[in-house]
Amino acid sequence: MKRLFSGSKEEMEKNLLTIEVVTAEKFKNYQGFDLANFDHHSLFFDVYTYKIQKTKTYDVFKKDISQIFNIPSKQIRFWVLVKRINKTIRPDTPIPESYFNKSMEEIRAKMTPLQNKLRLYMEETDRRNEKTCFPLIEESWNIIVFLKYFDPDTQTLEGLGHLYVREYDKVGDYTKILCERKNLPPDTPLKIYEVVTAENFNKHQGFDLVNFVNPPLSKIHSHNVLKNTTYTTFKEKVSQCFNIPSEQVRFWVFVKRQNQTIRPDFPIPESSFNKSMEEIRIEMTPRRHELKLYMEVADKPINDRAWFPSIGRSENMNIIVFLKYFDPDTQTLEGLGHLYVRDYDKVGDCTNILRERKNLPPDTPLIIYEEIKPNMIEKMYLNYTFKRSEIQNGDIICFQKALMENEIREYTEFGRICSIPQFYESLTLLTVISFKPEWQDYFEFDLILNKKSTLYQVVEAVALHLNINPLQLQFTNLFDTLDQTLNQVFLDAQTLYYEIFDLNIIESNLEEEKFIKILWLGNTVKDEEIIDICLQKDATVNEIIEEILKRVTLSSPDNKIRLYEVMNHKIQNEYKETELIGRIQEFMTLYAEEIPQDELLADSHDQIIQVYHFTKDPIQTHGIPFKFVIKNGETLAGTKDRLQLRLCMNKTEFARIRIAIVSEFTYKKLEYLENDDIILSEKKLSSTDYLGLDHVDETESTDKITYIRG
């Protein structure tokens, strides 16, 4: 290619773009991981390297490469290689033909902004007369995969080019094509193996160790080998792929349990070194047509003779368990590898190891659960042995920091998950949604989302993925524009199409809209649900109520809804339906509730008072405040019954509460109500008096405060 720039070497380099190209020929001869060795390609000649002017257009670059390889340009398509999270480098998306007039630097900045060079795979086709030479990647069922064949006789790995498969095809549908690619007889038995690594497990956000239903989500490593490949050969080959000495690798066979979970059950014995992989499959998983393996890696030998602990079926033998840690701050589940325990060890004996795995302080209190199956997450008792806890090979132990009641309350008030059982419950609501651009040359991608996400939450997730302002996004289906009020419940769709708008076009609308987060209370103040609403700033509170009514079901169609704001766990203001929402202050906590029947039926002799929660000191507030009717002539015993019902507490919980009259101006002068026969309405309460619920802690002697959310 001609040099089109004059000046110093440094100036010239600034205007040059490095492009590395992998061809089918290079891939065919490559003996290693990925499609080529990009780290040392100058030594192994795995790629072609070009330096071109950054301003050169894609159309000109493509024609130049076509001339070099003597291939018509329309029979070439370039795929951009990207570095995945797991550090592999793979083709991700083809350069759209609509980019013919874009510079190569523009394409790099748009498609691989984190890399200072372009890495491309050159796809070739023999089609010459057809209008469309290449399969349409925009169709989600067309997926490009790359084939490698391992020959145990020559001990070599051979690239066999690429192949297009479809999302819902079965792997077995392609065995004939694989045989043809290698000129094997059509009936040659082939086997495809899936290998799970510790890295796969550590990043998995779901049940079991990985997602076998959708392996690409867990980045599971698949290996195609002949059925007669020996275990020794297979082990050596996989070890080479991961650059780990084979003696430091042990493979565990996954089995499907009766409860439908898939867990490692037993390691492949080293005595099977000369057996074929098919023989091992028949012996260890006779009902399965494939082998799923967990690759255990040892960092150092456990003694002079062995790298791994012995595994047996006898009493008090080693058991391999897998660890997961739930972090309520990041709302994530993290795999922390595996651990060996013994039958008669106590669960509490391993707490120090769990803290070390997560770098927690030595005195951090933990809560430990066992992940048995979806919808069955059971707490483990520290004084139980693993045998009494019925722990076996492949079981999963989950742990988190034990939270104080005030921490639980804070997470709950912000709609956050604070416990492992809650997190697993949320996993049952997850679904994979495909996002495709409606018109522009953007990318197709998948996200795992909660089926109950609001459209506003989906917008935030997609904007984060695309690294754009959420206000630039709009979702459509194939025909009509979806409701963009941002408070529509997001349904379990399979595909959403998106458009990205110029931010300048929509900035004029920013000051006209207001986003509001509402905490909806159920029949008791113990239940709450977050509702996100977006309305014009000149809308009224009545329009908020109308939006809420679209989401909730009242106990009676004639009942009414109240909207009020809370600060420091006390009601500050109750909004009238005619008020403009523009007057609602930012960052104020808003609650909405169905007005109780006893309040609607209250007469002039009854009194409505505010109830709030505190512990010891009336300034130590917590929980959700609410309005309550003091019925004329009712004894304290009757008032307590109605309070207990409103709080949705059992007798034991409610017995820990002391009721007091608290004046807004004389906080320290509490009047505790101890006699159930007193008539509260005779106390002549003023508009500045509260009914305070003092949540008494049974462990007061230890100065520990337990906050009970009311």
Side-chain angles (χ1 to χ4, degrees), residues 409 412-415 454 456 485-489 509-604 606-613 621-630 646-647 662 664 685-692 709-710:
R409 173 179 54 80
T412 304
E413 286 184 353
F414 285 96
T454 63
Y456 178 67
T485 59
L486 301 185
N487 54 16
Q488 171 187 334
V489 174
N509 296 325
L510 291 179
E511 296 186 2
E512 299 176 7
E513 295 180 335
K514 188 175 185 70
F515 295 92
I516 301 172
K517 186 183 292 293
I518 306 289
L519 294 172
W520 168 254
L521 302 177
N523 293 327
T524 68
V525 293
K526 195 169 186 178
D527 303 319
E528 64 182 48
E529 173 188 348
I530 296 176
I531 298 177
D532 293 316
I533 293 175
C534 178
L535 292 170
Q536 297 293 311
K537 282 190 176 179
D538 59 358
T540 63
V541 170
N542 184 59
E543 291 177 70
I544 294 180
I545 293 173
E546 288 176 353
E547 289 295 330
I548 293 173
L549 286 171
K550 295 176 183 178
R551 317 277 193 88
V552 303
T553 302
L554 302 182
S555 58
S556 170
D558 297 327
N559 282 5
K560 296 183 178 180
I561 289 177
R562 166 165 49 221
L563 180 72
Y564 59 95
E565 67 182 32
V566 172
M567 187 168 63
N568 296 328
H569 306 285
K570 288 186 178 180
I571 297 174
Q572 299 299 316
N573 182 36
E574 181 177 340
Y575 290 100
K576 298 177 182 178
E577 293 186 358
T578 55
E579 288 187 74
L580 295 175
I581 68 170
R583 298 178 60 184
I584 297 176
Q585 297 181 38
E586 298 291 338
F587 312 113
M588 188 64 68
T589 303
L590 295 179
Y591 285 93
E593 67 171 352
E594 181 179 351
I595 300 177
Q597 282 292 318
D598 57 358
E599 188 174 335
L600 293 173
L601 299 175
D603 59 30
S604 59
D606 297 330
Q607 183 178 1
I608 298 175
I609 193 171
Q610 183 180 160
V611 181
Y612 82 100
H613 308 265
T621 58
H622 59 88
I624 303 171
F626 57 93
K627 291 193 173 182
F628 188 75
V629 177
I630 304 298
R646 186 75 181 275
L647 294 168
V662 184
E664 186 174 5
L685 302 174
S686 72
S687 59
T688 60
D689 288 334
Y690 297 87
L691 209 57
R709 178 178 170 274

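Please read these numbers as outputs of a predicted model, since none were measured by experiment.
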*Asks:* Which residues pass the side chain to side chain contact (heavy atoms under 4.5 Å, CB included) test with Asp603, sequence neighbours left out?
*Replies:* His605, Asp606
*Asks:* Would you say that Glu543 contacts Thr540 through its side chain, given a criterion of any heavy-atom pair below 4.5 Å between the two side chains?
*Replies:* yes
*Asks:* Do His569 and His613 touch side chain to side chain, with heavy atoms closer than 4.5 Å?
*Replies:* no
*Asks:* With sequence neighbours excluded, tell me which residues meet ring-ring contact (aromatic ring centres under 6.0 Å, His included) with Phe628.
*Replies:* none
*Asks:* Show every ring pair (Phe, Tyr, Trp, His ring centres under 6.0 Å) that has at least one partner inside residues 520-545, sequence neighbours left out.
*Replies:* none
*Asks:* Do Leu554 and Leu549 have side chains that approach each other closer than 4.5 Å (heavy atoms only, starting at C-beta)?
*Replies:* yes
*Asks:* Can Ile518 and Ile533 be said to form a side chain to side chain contact (heavy atoms under 4.5 Å, CB included), step by step?
*Replies:* CA-CA 8 Å; Ile518 306 289; Ile533 293 175; 4.2 Å; yes
*Asks:* Within this structure, what is the CD1-CG distance for the pair Ile624 and Leu647, rounded to the nearest 0.5 Å?
*Replies:* 10.0 Å
*Asks:* Which is it for Leu691 and Ile630 under the side chain to side chain contact (heavy atoms under 4.5 Å, CB included) test, yes or no, and what are the steps along the way?
*Replies:* CA-CA 10 Å; Leu691 209 57; Ile630 304 298; 4.2 Å; yes
*Asks:* Can you find a pair of side-chain heavy atoms, one from Val566 and one from Leu519, that are under 4.5 Å apart?
*Replies:* no
*Asks:* First locate atom CD1 of Ile581, then atom CG of Leu590, and finally report the distance between them rounded to the nearest 0.5 Å.
*Replies:* 10.5 Å
*Asks:* Please name the pair of heavy atoms, one in Pro625 and one in Tyr564, separated by the smallest distance, quoted to 0.1 Å.
*Replies:* O-OH, 3.2 Å
*Asks:* Measure the CZ-NE2 distance between Arg409 and His622 for me, rounded to the nearest 0.5 Å.
*Replies:* 7.0 Å
*Asks:* When you look at Ile516 and Leu535, which way does the side chain to side chain contact (heavy atoms under 4.5 Å, CB included) test go after all the steps?
*Replies:* CA-CA 8 Å; Ile516 301 172; Leu535 292 170; 5.5 Å; no
*Asks:* Return the CD to CZ distance between Glu599 and Phe626, rounded to the nearest 0.5 Å.
*Replies:* 11.0 Å
*Asks:* Do the side chains of Val552 and Ile531 get nearer than 4.5 Å, heavy atoms only?
*Replies:* yes
*Asks:* Please lay out, stage by stage, how Glu593 and Arg646 fare under the test salt bridge (Lys or Arg N to Asp or Glu O under 4.0 Å).
*Replies:* CA-CA 12 Å; Glu593 67 171 352; Arg646 186 75 181 275; 3.0 Å; yes
*Asks:* List the steps and the verdict of side chain to side chain contact (heavy atoms under 4.5 Å, CB included) for Arg551 and Ile548.
*Replies:* CA-CA 5 Å; Arg551 317 277 193 88; Ile548 293 173; 5.7 Å; no
*Asks:* For Glu579, give me all partners under side chain to side chain contact (heavy atoms under 4.5 Å, CB included), at least two apart in sequence or on another chain.
*Replies:* Val541, Tyr575, Lys576, Arg583
*Asks:* If you take all heavy atoms of Tyr690 and Ile609, which pair is closest and at what distance?
*Replies:* C-CD1, 3.8 Å
*Asks:* Measure the CG-CD distance between Asp689 and Gln607 for me, rounded to the nearest 0.5 Å.
*Replies:* 8.0 Å
*Asks:* With sequence neighbours excluded, what pairs up with Asp598 under the side chain to side chain contact (heavy atoms under 4.5 Å, CB included) test?
*Replies:* Pro596, Val629, Lys631, Arg642
*Asks:* Would you say that Ile530 contacts Lys517 through its side chain, given a criterion of any heavy-atom pair below 4.5 Å between the two side chains?
*Replies:* yes
*Asks:* Report the C-alpha separation of Lys560 and Glu577 in whole Å, then their side-chain angles, then the decisive distance to 0.1 Å, and conclude whether the salt bridge (Lys or Arg N to Asp or Glu O under 4.0 Å) test is met.
*Replies:* CA-CA 11 Å; Lys560 296 183 178 180; Glu577 293 186 358; over 6 Å; no
*Asks:* Within this structure, what is the CD-CG distance for the pair Glu547 and Asn542, rounded to the nearest 0.5 Å?
*Replies:* 11.0 Å
*Asks:* Contact between Ile571 and Tyr591 at the side-chain level, heavy atoms closer than 4.5 Å - yes or no?
*Replies:* no
*Asks:* With ring pair (Phe, Tyr, Trp, His ring centres under 6.0 Å) as the rule and sequence neighbours excluded, what pairs involving residues 523-544 come up?
*Replies:* none
